[in-house]
Novice: 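Attaching a single structure in structure tokens format; questions to follow.
So that the names make sense, note that chain A is the first sequence line, chain B the second, and so on, each numbered from 1.
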Amino acid sequence: MNSVLKCILLVFLWVFNASAHAAEPIVPVPEQILGTQRVDAETVIELAGKLKNLVIVDSRIPADRMIGYIENSISLPDAKTTCKSLAKIIPSKRTPVLFYCNGVKCGRSVVASKIAVKCGYTNVYWFRGGFEEWETKKYPYLHE
Amino acid sequence: MRLMPARGLPLRTSLWLPILAMGVVAIALVLATSYIYRDLTIENRRQAIQQLIQIKSGELLEKLADDSRSLAAEIQRTPNFRNAVDRADQAVIADHLDNQFHRYFNTAGVIQLRKLYVFDRNYRLLAESSKLFEGGEQGEACSAMLDQARQRSAAHHLKTISGLCMASNTAVFATLAPIGSLQLHGFIMVMAEPSKNLAVIGRQLGMPVNITPPKGAALFQSPNWPVALNQAEVIIAEYQLKADTGQVVLTLALANDIHVLERDLYRARNVVLTVAGVATALVALLTLLGLQRSLLNPLRNLLQNFQVLERDRKHLGEQIAVTGNREIRSLVEAYNRMTTELGSLYGKLEELAFRDSLTNLPNRHMFYDRLEQEIKKSHRSGLPMALLLLDLDRFKEVNDSLGHAQGDVLLVEAARRITECVRESDTVARLGGDEFTVILSEVEDINSVERIAQNIIERLAAPFQLLQEMVHVSASVGITLYPNDAKDIEALMKNADQAMYVAKNAGRNRFSYFTAALQEAAQTRLHLLSDLRNALAGKQLAVYYQPIVEIASGKIHKAEALLRWQHPVRGMVSPMQFIPLAEESGLIHEIGDWVFHEAARQVKRCREMFVPQFQISVNKSPMQFRDNGSDYVSWPSHLCAMDLPGNSLAVEITEGLLLNAEVGVTEKLLLFREAGIEVALDDFGTGYSSLSYLKKFDIDYLKIDQSFVRNMGDDPDDQALCEAIIVMAHKLGLKVIAEGVETELQRDLLASYGCDYAQGWLYSKAVPAGEFEALLKEQAK
């Protein structure tokens, strides 16, 4: 009887704990996302130089963004990412768009990228390493 | 025996000395080590400081880099700045750059700003700040850094690089930061003067700092930087800061006072020394304490026992407690075994040396030893000592006829008998063969000597039961006295020997004194005694009566019975001679009783014939009162049997009897009193008179001793005494009899004092019964 209660308690705690992460989706970060092009920090800089109309989307929550963000990136938390919200910031479905979040432990950009692909965007880049990689490589960033 | 002082180091010293030496060595090592390591320590210190400089300067330059980068970010924040850079508008840029010198970073001293450069995307100089370097130099950008930056690939241009470089022979810290954080617009190079930032290291590490370029004067020096003279007492640690090219840009030096270091060093050393010293002392102490118990004490104990043994062999055989280390225990156990064995050997030796193996009496050697001791004892106490030398007559014959085995049995038995005759304090020894000696020590009564000798002779005369035979031997005894006869051993032995031969020649089975006179006296006594035994039976004893006259009336109503001995050869023997003999031999009881019977018979006659209330007094010595265990009928019952009242008899006793009042004596006396027999205290005044006796014993008469009476005529004191005695006696209800009244003067005086009775030659001397009756008859007329 005791062990069963314990089991139930543990499960409950785990679920609660999980939900406390404000609906961060427990999605394992994949290597590739279908419909997107995976890039690293250098490629991001290269793309920024090459593609004048590149839209960089910061999929993190505002709290994380306050620590620092890539210049010109637009804050759109993944929770708020919908076709409608995307449409607000991205001119067309062919506009190159880049999603990033904290890094390989963060699944927000995955979610956002997938939504973008589903919404029909064709030029989706996904910066898997995220802000963590940017920081580690000592590239400059801005913060409020 | 003198004990030689032991040579060699005491054990304790041998123990703590090495420990002390080790301690000293340890301390010396510590000192030597600290000395040797001083230089090493200094060198280590220098190296440590160097490392510290390296680390700290790295941190400080990191900070400077961060601050420079922050400045670069600040510069970019102005919205127009980037546009100006994109437009390559030199003037605007330059102006902007100049403004920085008035802004926080510089004015607050966060960065000592020297120069600001702006480059375009391709590293071409766009603008620079106008402030000149010191010395009026225009300055130049770090070209090496620029080259390095140029060679980076693609995205890496966005990275900020910093480092030291020499620009126009000046040391600067340059930071190259990108303009734009995603898209490159250009570069800002911030050149700062690093010395002030680096100087913080001094404060951080608490040491004076010196920062110098490769050439030229110091850029920074702490005020307490050691003057040139002090360089020998100071450790200077230097660290060279280099540019990426490897060129030395700055030398950073820190100074550390050697004395401070030395102080620390010595403090540490002193702590170690103290610990070493204390540890050594503790170890030494503990070791000593431990070894004290397990080694020193047992050894000392052992040594003491040896010393005791050296002084007195009697302690052989005494065991020591086994304690201490194993080896010591073994030693002590061995000692114990040895001493036990030696003790028993010694005892045996003593026995063999000093004891006659057959009789177990002291042998010749021990005898002489004893004799010497007894002489000393006698000399000290003043009491004479008697030496008896005896041998067994005809012992040789027994030995020859019956064999040595039986002869030995005889000797053992003889020894036993002799020993039984003497006290424990006396010595019996066997000189050899059939010769024995006896030492009678501290003889109080010389007469006892011959008594003992006679006793021995009699005992040895008794038959001996040997293994199969019964034999008779006898002894011849020679007696000599110390100091009377001789004063040394040789003389004594010679005397005793001579005396013994005299005894032998006189017929054996007897003793002989050495001095003729003593011998004579002894012989006389002996004869007298044997004669006395026969005297009673031989009717040589007679009772005489001396009248006791009532002074007032002159009448004779009493008499004292006195014993006389008419010896057939010697004539009248004085009672003073034979009474003591009688008392010694116990004849006194028989004789005394006979006297009593005679007196009783006589008093009956007197009463019947002359004076009805006649009384005769009889002397009774203390000896007679002692319970003699004989069957003499008691006096009161005899009187009764003769139909005489108790007061027909009186008993004369001396004061001495009352003084040594044995229980039996006083009981008998009281019995007499109860029976009516009167008691007179004889020789009153001459002994230890306690007047309480008079009360206690209910005395009837006091007899004043003749010594008082005799001199009464001349000596007023004696008169006074007599008077006093008479008065006192009367007050107590006693009657007084004066003895030894010889003159009328005496009589008159006594009469004047009220004396009741008188006895003496004035009236009559002691006379036989016949004469006495005649006197009474005369009186009756």
Side-chain angles (χ1 to χ4, degrees), chain A residues 37-60 64-76 89-90 95-103 109 123 125-144, chain B residues 58-59 61-83 85-86 105 116 118-123 145 148-163 174-190 244:
Chain A
Q37 199 173 333
R38 176 180 152 182
V39 294
D40 62 6
E42 282 74 21
T43 318
V44 170
I45 295 167
E46 204 189 310
L47 287 173
K50 254 187 6 206
L51 305 169
K52 295 293 169 216
N53 56 348
L54 177 67
V55 178
I56 304 176
V57 178
D58 187 339
S59 302
R60 300 174 297 169
D64 288 342
R65 183 173 167 81
M66 277 222 303
I67 296 165
Y69 59 93
I70 300 175
E71 193 178 349
N72 293 340
S73 65
I74 303 168
S75 176
L76 180 60
I89 55 170
I90 309 168
T95 314
V97 57
L98 175 81
F99 291 93
Y100 82 93
C101 68
N102 280 321
S109 54
N123 234 352
Y125 295 93
W126 174 52
F127 179 21
R128 187 169 183 266
F131 195 74
E132 196 184 341
E133 191 187 325
W134 192 266
E135 229 185 344
T136 309
K137 287 185 174 170
K138 294 200 190 326
Y139 289 113
Y141 55 85
L142 302 174
H143 47 79
E144 306 300 332
Chain B
E59 286 172 7
L61 289 177
E62 263 303 311
K63 175 133 193 332
L64 187 51
D66 280 341
D67 293 334
S68 302
R69 195 181 1 210
S70 303
L71 177 57
E74 259 304 301
I75 295 171
Q76 293 178 42
R77 213 186 288 276
T78 321
N80 294 329
F81 184 78
R82 212 179 269 187
N83 296 334
V85 171
D86 289 336
F105 272 94
L116 292 166
V118 171
F119 301 87
D120 70 3
R121 241 191 304 241
N122 298 314
Y123 295 98
M145 186 175 279
Q148 190 192 351
R150 257 192 277 265
Q151 282 161 26
R152 294 179 293 180
S153 56
H156 296 276
H157 292 284
L158 275 175
K159 294 187 183 171
T160 307
I161 49 178
S162 326
T175 307
L176 187 66
I179 301 172
S181 62
L182 183 61
Q183 287 178 317
L184 200 58
H185 296 267
F187 297 95
I188 302 177
M189 180 179 276
V190 177
D244 285 334

Novice: Name all residues meeting the side-chain hydrogen bond (donor to acceptor under 3.5 Å, both in side chains) criterion together with A:Ser59; count only those two or more places apart in sequence or in a different chain, and write none if there are none.
Specialist: none

Novice: Looking at every heavy atom in both A:Pro140 and B:Gly180, which two are closest together, and how far apart are they?
Specialist: CG-O, 4.1 Å

Novice: A:Ser75: what forms a side-chain hydrogen bond (donor to acceptor under 3.5 Å, both in side chains) with it, not counting sequence neighbours?
Specialist: none

Novice: Please tabulate, one pair per line, the donor and acceptor atoms of chain B and chain A that lie under 3.5 Å from each other, or say none if there are none.
Specialist:
{"unit_1": "A:Ala48", "atom_1": "O", "unit_2": "B:Gln183", "atom_2": "NE2", "d": "2.4"}
{"unit_1": "A:Glu71", "atom_1": "OE1", "unit_2": "B:Ser181", "atom_2": "N", "d": "2.6"}
{"unit_1": "A:Glu71", "atom_1": "OE1", "unit_2": "B:Ser181", "atom_2": "OG", "d": "2.6"}
{"unit_1": "A:Glu71", "atom_1": "OE1", "unit_2": "B:Leu182", "atom_2": "N", "d": "3.3"}
{"unit_1": "A:Glu71", "atom_1": "OE2", "unit_2": "B:Arg82", "atom_2": "NH1", "d": "2.4"}
{"unit_1": "A:Glu71", "atom_1": "OE2", "unit_2": "B:Arg82", "atom_2": "NH2", "d": "3.1"}
{"unit_1": "A:Lys137", "atom_1": "O", "unit_2": "B:Lys159", "atom_2": "NZ", "d": "3.4"}

Novice: Would you give the length of the straight line joining atom CG of A:Leu142 to atom CG of B:Leu182, rounded to the nearest 0.5 angstrom?
Specialist: 9.0 Å

